[in-house]
There are 2 protein chains.
Amino acid sequence: MTEPLNTGLLLFLPYRALESRVFEGLAAAGFDDLTPAQARVFQRIAPDGSRPTELAEQAGITKQSAGFLVDQLERAGYVERVPDPADGRARLVRVAERGARSVEVSRGIVAEVEAEWTAHLGVRRMAQLRRILTDLREITDPWR
Amino acid sequence: MTEPLNTGLLLFLPYRALESRVFEGLAAAGFDDLTPAQARVFQRIAPDGSRPTELAEQAGITKQSAGFLVDQLERAGYVERVPDPADGRARLVRVAERGARSVEVSRGIVAEVEAEWTAHLGVRRMAQLRRILTDLREITDPWR
DNA sequence: CCGATTCAGTCAGAAAGACTGACCATCTCG
DNA sequence: CGAGATGGTCAGTCTTTCTGACTGAATCGG
């Protein structure tokens with residue numbers, strides 16, 4: 001389990017480290033009612049709003065689960081639901097006031113952690129990492 | 001949310017892609033009773049056995065949850081528990097017969113996926129990716 | 001070598017997250 | 001228009017995880 005660690009774990013470790021940091025920081029800033037599951041959905045809301053079903057696909061959960069999480073996010077003031085003008089069946093989920101403020105905070109924390117990583121790896125390798133991962137995304141991300 | 005994707009998501013995407021592939025393959029090979037949560041614990045068992053509490057820490061869950069998952073793994077024949085000769089309070093969790101066979105299968109699938117990634121990225125960049133991630137592990141993995 | 005503390009693990013109860021299946025309303029297309 | 005696809009919800013269940021309380025074993029200071 002130690003020497004040539006499997007690539008999956010190698011990817012997961014920094015991911016979790018970053019996620020934990022963001023949660024701690026968010027909680028410290030008063031956004032202590034966000035759960036990881038809610039955040040994973042919230043994170044994927046497009047600037048002009050997304051449909052629950054889209055969010056479900058991108059987060060890799062069922063539409064029922066997504067609907068449930070959006071309910072919670074709505075009750076906590078992070079998002080709002082508006083009717084989709086283009087489709088009477090659909091309702092758009094949009095980032096609300098409180099949600100926008102939490103985005104600001106987490107953006108700051110992510111930047112901080114990325115700065116630490118850059119300090120450890122060096123500017124060049126950090127850029128390389130991002131480039132390679134972006135490239136890898138083409139064959140590992142079904143939603144573009 | 002689209003262009004300069006946050007590094008966390010960039011790490012998460014390939015991780016999940018790999019994990020899904022391993023699960024599909026495992027299920028196809030008859031190991032269809034493994035759940036993701038069980039697998040995440042199972043994956044961290046050291047060659048000579050680990051204590052439930054260690055597994056809990058490394059998997060980032062409470063020791064109660066780890067104990068519960070180990071129970072399930074034991075019932076399904078993936079692991080066995082033996083008393084720890086060095087500490088009368090502890091019991092070591094070890095990979096059992098069936099568990100070892102599932103490890104073989106998943107190793108094959110991981111190799112397959114890594115080969116695809118190498119084909120996409122090129123040998124050099126794939127090696128770079130692993131090197132950078134291994135390096136990053138030093139500051140993102142609390143357990144060595 | 002003995003009491004206090006720490007540590008490994010379990011039990012009990014509850015909540016979160018996710019799933020399947022069934023269902024309704026609306027949209028789209030032949 | 002009517003059939004099928006799509007967006008979303010409701011109901012019920014299972015898995016995973018957590019908190020808190022507890023037992024038994026080890027360890028450490030005096």
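Chain identifiers are assigned alphabetically (A, B, ...) following the order of the sequence lines, protein sequences preceding nucleic acid strands; residue numbering begins at 1 within each chain. Just so it is clear, the model here is predicted, and its values are computed rather than measured.
Regarding A/R40, its CZ atom lies at a distance of 12 Å from the C1' atom of C/dA18, rounded to whole Å. When the C1' atom of C/dT10 is taken as reference, atom CD of B/E74 falls 14 Å away, rounded to whole Å. Distance B/D33 CG to D/dC14 P: 17 Å, rounded to the nearest Å. As rounded to whole Å, 12 Å separates atom C1' of D/dT15 from atom CZ of B/R75. B/K63 has its NZ atom 10 Å from the P atom of C/dC7, to the nearest Å. The interatomic distance linking B/R51 (CZ) with D/dA25 (P) rounds to 15 Å, in whole Å. Rounded to whole Å, the distance from CD on B/Q58 to P on C/dA8 is 13 Å. At whole-Å resolution of the value, CG in B/D87 and C1' in D/dT27 are 10 Å apart.
For A/E80, the side chain to side chain donor-acceptor pair (under 3.5 Å) test picks out no residue, with sequence neighbours left out.
For the pair B/E112 and B/R21, the salt-bridge criterion is met [side-chain N within less than 4.0 Å of a carboxylate O].
Considering only side-chain N and O atoms, B/T53 lies under 4.0 angstrom from the phosphate OP1 or OP2 of C/dG9. Contact check, A/T62 against C/dC19: a side-chain N or O comes under 4.0 Å of OP1 or OP2.
Side-chain atoms of B/T7 and A/R130 form a donor-acceptor pair, as typed in the model, at a separation below 3.5 Å. If you check the side chains of A/E19 and A/Y15, you find a donor sitting under 3.5 Å from an acceptor.
In the set D/dC18, C/dA8, C/dT20, D/dC18 carries the atom at the smallest distance from any side-chain atom of B/S65. Picking from D/dT17, C/dA18, D/dG7 the nucleotide with the shortest atom distance to the side chain of A/I61 gives C/dA18. In the set C/dC19, C/dG17, D/dA26, C/dG17 carries the atom at the smallest distance from any side-chain atom of A/A37. Comparing C/dG17, C/dC19, D/dT16 by their nearest atom to the side chain of B/T35 picks out D/dT16. Listed nucleotides: C/dT26, D/dG8, D/dT16. Nearest to the side chain of A/P52: D/dG8.
One cannot find a donor-acceptor pair under 3.5 Å joining the base of C/dC27 and the side-chain atoms of A/R89. Judged by distance alone with a 3.5 Å cut-off, a donor-acceptor contact links the side chain of B/Q64 to the base of D/dG20.
For A/A86 and B/R91, each mapped to the nucleotide of DNA chain C holding its nearest heavy atom, the one lying further toward the 5' end belongs to B/R91.
Here B/D84 lies out of heavy-atom contact (under 4.0 Å) with every strand. Note on A/R81: only backbone sugar-phosphate atoms sit closer than 4.0 angstrom, heavy atoms only; bases stay farther off. Counting non-hydrogen atoms under 4.0 angstrom, B/E54 reaches nothing in the nucleic acid.
Residue B/D84 is tested with B/R51, B/R91, B/R89 for a side-chain hydrogen bond (donor to acceptor under 3.5 Å, both in side chains); the sole match is B/R51.
Smallest separation of non-hydrogen atoms from B/A37 and B/L69: O-CD1, 3.8 Å.
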